[in-house]
Amino acid sequence: MSSQSSVLTKVFLFFFALFGVFASLAAAAPFAEMERRDVFVPPITYPHTGTVWYKGQRHNVTWDTTNAPVNITNKLGRIMLRKGDITTPVILEDNFDILLGRIEVTVPWVLPDTDYSLVLFGDSGNFSPQFSIQE
Ligand SMILES: *[C@@H]1O[C@H](CO)[C@@H](O)[C@H](O)[C@H]1NC(C)=O
Ligand SMILES: *[C@@H]1O[C@H](CO)[C@@H](O)[C@H](O)[C@H]1NC(C)=O
């Protein structure tokens, strides 16, 4: 009697565990699928470590488009300025085709420092290495 109930408990626990696995697979699948097919987060290739920009200059920010998927949901890009670990509200360029691989920006007038970086947004963002902006 008691061994029978322990078998039932094991069977129950088995199905319970199985259900849990399926539930987590079902929850994870759409996200993994979307990431593989649609989200394109290209790495920034310029500016890089050692780059020095001066206020008011024009520069091509460049990024690598070689691994672009066929269909991208986040076709339009936006470049924002970061300082240290903070993304500032400064938008350098917006609404450009993420597949261009480069876009001209004007260096904003900000306090001279060595810990600026850029974020290229399609869907989620990709950070450049830190570089300098000088007056
Ligand atoms: C950006 O790149 C384009 C294409 O190579 C070039 O025509 C343009 O002069 C560049 N702009 C700057 C500021 O270097
Ligand atoms: C890309 O989208 C087009 C048009 O919606 C579709 O016909 C094609 O099958 C898609 N390709 C891939 C690889 O998803």
Side-chain angles (χ1 to χ4, degrees):
M1 179 67 188
S2 96
S3 97
Q4 195 184 12
S5 97
S6 122
V7 165
L8 279 177
T9 305
K10 278 182 187 145
V11 167
F12 173 77
L13 284 177
F14 174 75
F15 280 108
F16 190 72
L18 203 61
F19 176 77
V21 167
F22 279 122
S24 63
L25 279 181
F31 185 66
E33 187 92 332
M34 201 170 84
E35 235 179 14
R36 190 165 49 75
R37 264 210 245 133
D38 300 320
V39 177
F40 179 43
V41 186
I44 295 174
T45 47
Y46 181 85
H48 45 67
T49 307
T51 297
V52 181
W53 281 359
Y54 294 89
K55 133 191 146 181
Q57 284 181 330
R58 300 276 292 166
H59 286 288
N60 277 308
V61 174
T62 60
W63 59 93
D64 187 0
T65 60
T66 48
N67 291 322
V70 180
N71 291 324
I72 305 172
T73 51
N74 55 308
K75 269 192 181 13
L76 292 181
R78 161 180 288 184
I79 293 174
M80 295 187 72
L81 184 70
R82 272 171 75 79
K83 184 171 193 321
D85 293 332
I86 311 279
T87 299
T88 73
V90 176
I91 298 172
L92 297 189
E93 193 57 67
D94 201 9
N95 264 323
F96 53 85
D97 182 349
I98 197 101
L99 294 178
L100 283 176
R102 65 157 192 95
I103 196 79
E104 264 192 38
V105 302
T106 301
V107 180
W109 188 4
V110 290
L111 291 174
D113 218 331
T114 56
D115 62 346
Y116 287 104
S117 58
L118 301 183
V119 202
L120 173 60
F121 285 100
D123 197 319
S124 58
N126 223 354
F127 303 154
S128 76
Q130 291 192 346
F131 64 98
S132 297
I133 297 182
Q134 303 295 329
E135 279 190 79

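These numbers come from a predicted model, not from an experiment. Every number for a ligand or one of its atoms is a count from 1 in the order of the listing.
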Summary of ring pair (Phe, Tyr, Trp, His ring centres under 6.0 Å) pairs that have at least one residue in residues 65-116, sequence neighbours excluded
Trp63-Phe96
Near Arg58, which atoms of ligand 1 are under 4.0 Å from a heavy atom of that residue?
13 (C)
Judged by atom type as modelled, is there a donor-acceptor pair below 3.5 Å linking the side chain of Thr49 to the main-chain atoms of Pro129?
no
Per-atom contacts of ligand 1 with Arg102, taking only distances under 4.0 Å to non-hydrogen atoms:
1 (C), 2 (O), 3 (C), 4 (C)
For ligand 1, which atoms sit closer than 4.0 Å to a heavy atom of Glu104?
1 (C), 8 (C), 10 (C), 11 (N), 12 (C), 13 (C)
Looking only at protein heavy atoms, what sits closest to atom 2 (O) of ligand 1 is Asn60 ND2, 2.3 Å
Is there a side-chain contact between Leu118 and Val105, using heavy atoms and a 4.5 Å cut-off?
no
Do the side chain of Ser128 and the main chain of Ile44 share a donor and acceptor less than 3.5 angstrom apart?
no
